[in-house]
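Here the structure is laid out as structure tokens; the discussion comes afterwards.
In this text the structure is predicted, and so the values were computed from the model without any measurement. A note on names: the letters A, B, ... follow the listed sequences, proteins ahead of strands, and every chain is numbered from 1.
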Number of protein chains: 2
Amino acid sequence: MAKADFSPIADTTRRAEIVALLRRAILTGQLAPGQKLNELRISEQMRVSRAPLREAMRELVQEGILTSIPYAGTFVIEVTAKDIDDAYSFNKVMDELAIERAWPLRDQRFFDELDRRHEAVKQATRALDTTRQIETALQLHGLIYEWADNSVLLETWQRLTSRLQMYFALHQHARNEPVPAEDVHETYVRLLKGKDMRAAQRHAREHIDLDFEELLAYARGLEQRPSRGA
Amino acid sequence: MAKADFSPIADTTRRAEIVALLRRAILTGQLAPGQKLNELRISEQMRVSRAPLREAMRELVQEGILTSIPYAGTFVIEVTAKDIDDAYSFNKVMDELAIERAWPLRDQRFFDELDRRHEAVKQATRALDTTRQIETALQLHGLIYEWADNSVLLETWQRLTSRLQMYFALHQHARNEPVPAEDVHETYVRLLKGKDMRAAQRHAREHIDLDFEELLAYARGLEQRPSRGA
DNA sequence: TCTTGTTAGATTGTCGACAATCTGCTTGTC
DNA sequence: GACAAGCAGATTGTCGACAATCTAACAAGA
């Protein structure tokens with residue numbers, strides 16, 4: 001009775017591969033914020049013409065991690081403390097919604113997947129792979145969105161994820177510290193398996209708090225005492 | 001003391017104009033859901049080469065109103081009852097957040113702008129211009145997002161707006177009724193000017209409810225009793 | 001009759017070259 | 001020396017043509 005459960009064929013267009021490459025370069029900090037993307041140089045490096053490269057860049061502009069100025073160029077977005085703060089407070093509200101919606105839909109598959117992703121984080125942590133640690137942590141966190149059964153909510157989360165990953169990667173790059181050895185997701189996973197939804201929501205908020213606070217402090221430090229008035 | 005308040009120069013690239021044209025065609029229902037966009041035909045009609053057209057389409061795919069299948073084509077998104085329901089329940093939560101954030105930032109400029117946009121809706125209603133009525137109503141509603149001082153929240157709203165406008169336009173198209181003469185936004189505007197934030201939030205939710213309920217009923221009617229199981 | 005292989009037409013994906021625009025330097029003038 | 005005009009050089013925007021892929025119609029075989 002096992003239905004053959006094929007996954008979609010891999011995207012075979014150059015455009016899709018370029019998107020993946022560029023996104024990765026940006027999210028890992030290989031391409032720094034504010035940096036200009038020279039079309040000719042990149043197309044030559046990738047052995048690709050400018051047409052698919054430009055289309056890929058247009059996608060990433062819409063995704064919000066590149067910004068384009070006509071006849072001037074396309075740049076990696078700058079990251080301000082306000083951007084991080086905005087993403088943070090928005091994320092808090094979304095999290096509560098996602099947990100609320102996903103809560104009654106939790107089943108064995110959910111718990112299994114939760115463990116699987118949790119394991120992936122722990123493995124990346126053991127391997128001292130900071131990039132992958134951020135990536136897997138976000139995937140762990142994203143499970144409630146995938147389970148919330150709301151396409152708009154999920155899509156919004158995925159958009160936000162790009163930027164969050166970029167922010168955290170920047171932070172890690174700057175600190176250049178070894179990754180924390182202890183498992184900060186233990187409580188989160190346990191609460192999601194439990195019976196108290198409010199407690200899970202509360203923890204999710206506070207748990208996110210911690211990481212973000214560090215991030216914010218770092219970003220504020222970068223900005224030279226700007227005039228923050230309207 | 002009046003600062004020269006210039007608006008940005010108009011986008012001079014064909015790409016930007018194509019994006020605007022296509023978006024308009026989709027949001028007004030000129031291009032029906034599911035319809036395929038033939039690149040050659042459109043590029044000839046617009047007297048433009050396929051390169052900027054394709055870049056424009058890539059943007060709209062990311063914006064969520066087009067969908068692309070490699071080597072098969074790019075299509076206007078289909079609208080299901082679930083999509084509308086998802087957008088609806090997501091919008092409710094966002095609205096509460098937006099009102100909460102915008103509330104303490106309301107000032108004279110806010111009230112003036114509120115009146116201005118309200119007037120625009122009434123004018124479109126008097127002119128029996130349904131398309132413009134939808135557009136202006138969404139702009140009126142979007143003010144709280146612009147005032148909430150959160151870039152992520154605003155951006156998310158703008159993305160959602162595209163689809164909402166499309167949904168409502170479809171609905172209007174299908175009903176083909178004259179627009180309602182009475183002013184459904186009167187209470188909304190009055191509450192936003194008042195002192196009771198909770199009341200404003202409650203009304204926004206219920207006000208939105210009305211329009212959406214009709215929309216949902218319509219969309220469900222379209223779908224041939226689909227199996228709604230997982 | 002149903003399935004499978006082939007082929008022609010149409011459409012999308014990609015390429016290399018040209019046009020439009022910006023940037024920085026040079027030049028000339030005061 | 002300061003400043004504006006004008007001139008390369010580089011970069012982005014756009015174009016037309018070619019290559020890769022899909023669709024459907026049709027033929028051949030079980």
Side-chain angles (χ1 to χ4, degrees), chain A residues 4 6-26 30-78, chain B residues 6-23 25-26 30-78:
Chain A
F6 294 114
S7 55
I9 294 282
D11 285 329
T12 49
T13 64
R14 299 190 196 285
R15 182 182 68 238
E17 289 187 42
I18 296 171
V19 166
L21 275 176
L22 282 182
R23 188 189 287 122
R24 183 144 209 86
I26 296 166
Q30 231 179 312
L31 285 168
Q35 184 166 344
K36 177 172 177 178
L37 277 69
N38 186 309
E39 297 179 2
L40 196 57
R41 208 162 49 76
I42 295 178
S43 70
E44 280 169 356
Q45 285 178 358
M46 290 189 182
R47 303 293 191 84
V48 166
S49 88
R50 283 174 55 220
L53 172 63
R54 283 174 58 87
E55 291 186 17
M57 286 163 90
R58 240 30 82 196
E59 288 190 26
L60 294 175
V61 166
Q62 283 307 103
E63 202 173 303
I65 59 180
L66 288 182
T67 175
S68 164
I69 302 173
Y71 288 107
T74 306
F75 309 81
V76 179
I77 57 164
E78 300 273 5
Chain B
F6 294 113
S7 56
I9 292 283
D11 283 329
T12 49
T13 65
R14 299 189 196 285
R15 182 181 69 238
E17 290 189 39
I18 296 171
V19 166
L21 274 175
L22 282 182
R23 188 191 286 122
I26 296 166
Q30 228 177 314
L31 285 168
Q35 185 167 341
K36 176 172 175 177
L37 278 69
N38 186 310
E39 297 179 2
L40 197 57
R41 208 163 49 76
I42 295 178
S43 70
E44 280 169 357
Q45 285 178 359
M46 290 190 180
R47 304 291 192 83
V48 166
S49 87
R50 284 173 56 224
L53 172 63
R54 283 173 59 85
E55 291 185 18
M57 286 165 89
R58 238 31 82 197
E59 287 191 25
L60 293 176
V61 166
Q62 283 307 103
E63 201 174 307
I65 60 181
L66 289 182
T67 173
S68 164
I69 304 174
Y71 287 107
T74 306
F75 308 82
V76 179
I77 57 165
E78 299 274 5

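- Residues in residues 65-75 of chain B take part in these side-chain hydrogen bond (donor to acceptor under 3.5 Å, both in side chains) pairs, two or more places apart or across chains: B:Arg58-B:Ser68.
- Atom CG of B:Asn38 is separated from atom P of C:dG9 by 18 Å (rounded to the nearest Å).
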Contacts table for residues 30-40 of chain A: side-chain donor-acceptor under 3.5 angstrom, sequence neighbours left out:
from: A:Gln35; atom 1: OE1; to: A:Ala32; atom 2: N; distance (Å): 3.2
from: A:Lys36; atom 1: NZ; to: A:Ala72; atom 2: O; distance (Å): 3.1
from: A:Asn38; atom 1: OD1; to: A:Leu40; atom 2: N; distance (Å): 3.0
from: A:Asn38; atom 1: OD1; to: A:Arg41; atom 2: N; distance (Å): 3.1
from: A:Glu39; atom 1: OE1; to: A:Arg50; atom 2: NE; distance (Å): 3.2
from: A:Glu39; atom 1: OE1; to: A:Arg50; atom 2: NH2; distance (Å): 2.9
from: A:Glu39; atom 1: OE1; to: A:Arg54; atom 2: NH1; distance (Å): 3.3
from: A:Glu39; atom 1: OE2; to: A:Arg54; atom 2: NH1; distance (Å): 2.9

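- By the side chain to side chain donor-acceptor pair (under 3.5 Å) test, A:Gln62 is found to be paired with no residue, residues two or more places apart in sequence or in another chain being considered.
- Applying the salt bridge (Lys or Arg N to Asp or Glu O under 4.0 Å) test to pairs two or more places apart or on separate chains, none has a residue in residues 64-74 of chain B.
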For nucleotides 13-15 of chain D, tabulate all protein N/O to nucleotide N/O atom pairs closer than 3.5 Å, reporting atom names and distance.
from: D:dG13; atom 1: OP1; to: A:Tyr71; atom 2: N; distance (Å): 3.4
from: D:dG13; atom 1: OP2; to: A:Arg54; atom 2: NH1; distance (Å): 2.5
from: D:dG13; atom 1: OP2; to: A:Arg54; atom 2: NH2; distance (Å): 3.2
from: D:dG13; atom 1: N7; to: A:Arg50; atom 2: NH2; distance (Å): 2.8
from: D:dG13; atom 1: O6; to: A:Arg50; atom 2: NH1; distance (Å): 3.0
from: D:dT14; atom 1: OP1; to: B:Arg14; atom 2: N; distance (Å): 2.4
from: D:dT14; atom 1: O3'; to: B:Arg14; atom 2: NE; distance (Å): 3.2
from: D:dC15; atom 1: OP1; to: B:Arg14; atom 2: NE; distance (Å): 3.3
from: D:dC15; atom 1: OP2; to: B:Ser49; atom 2: N; distance (Å): 2.7
from: D:dC15; atom 1: OP2; to: B:Ser49; atom 2: OG; distance (Å): 3.0

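- The CD1-P distance, from B:Ile42 to C:dT11, rounds to 12 Å in whole Å.
- Residues forming a salt bridge (charged side-chain N to carboxylate O under 4.0 Å, His left out) with B:Arg23 (at least two apart in sequence, or on another chain): B:Glu63.
- Contacts of B:Leu37 with the nucleic acid, taken as non-hydrogen atoms under 4.0 Å apart, involve only primed sugar atoms and P, OP1 or OP2.
- When the P atom of C:dA10 is taken as reference, atom CG of B:Leu40 falls 11 Å away, rounded to whole Å.
- The minimum heavy-atom distance linking B:Thr13 with A:Pro70 is given by the pair CG2-CB, 3.8 Å.
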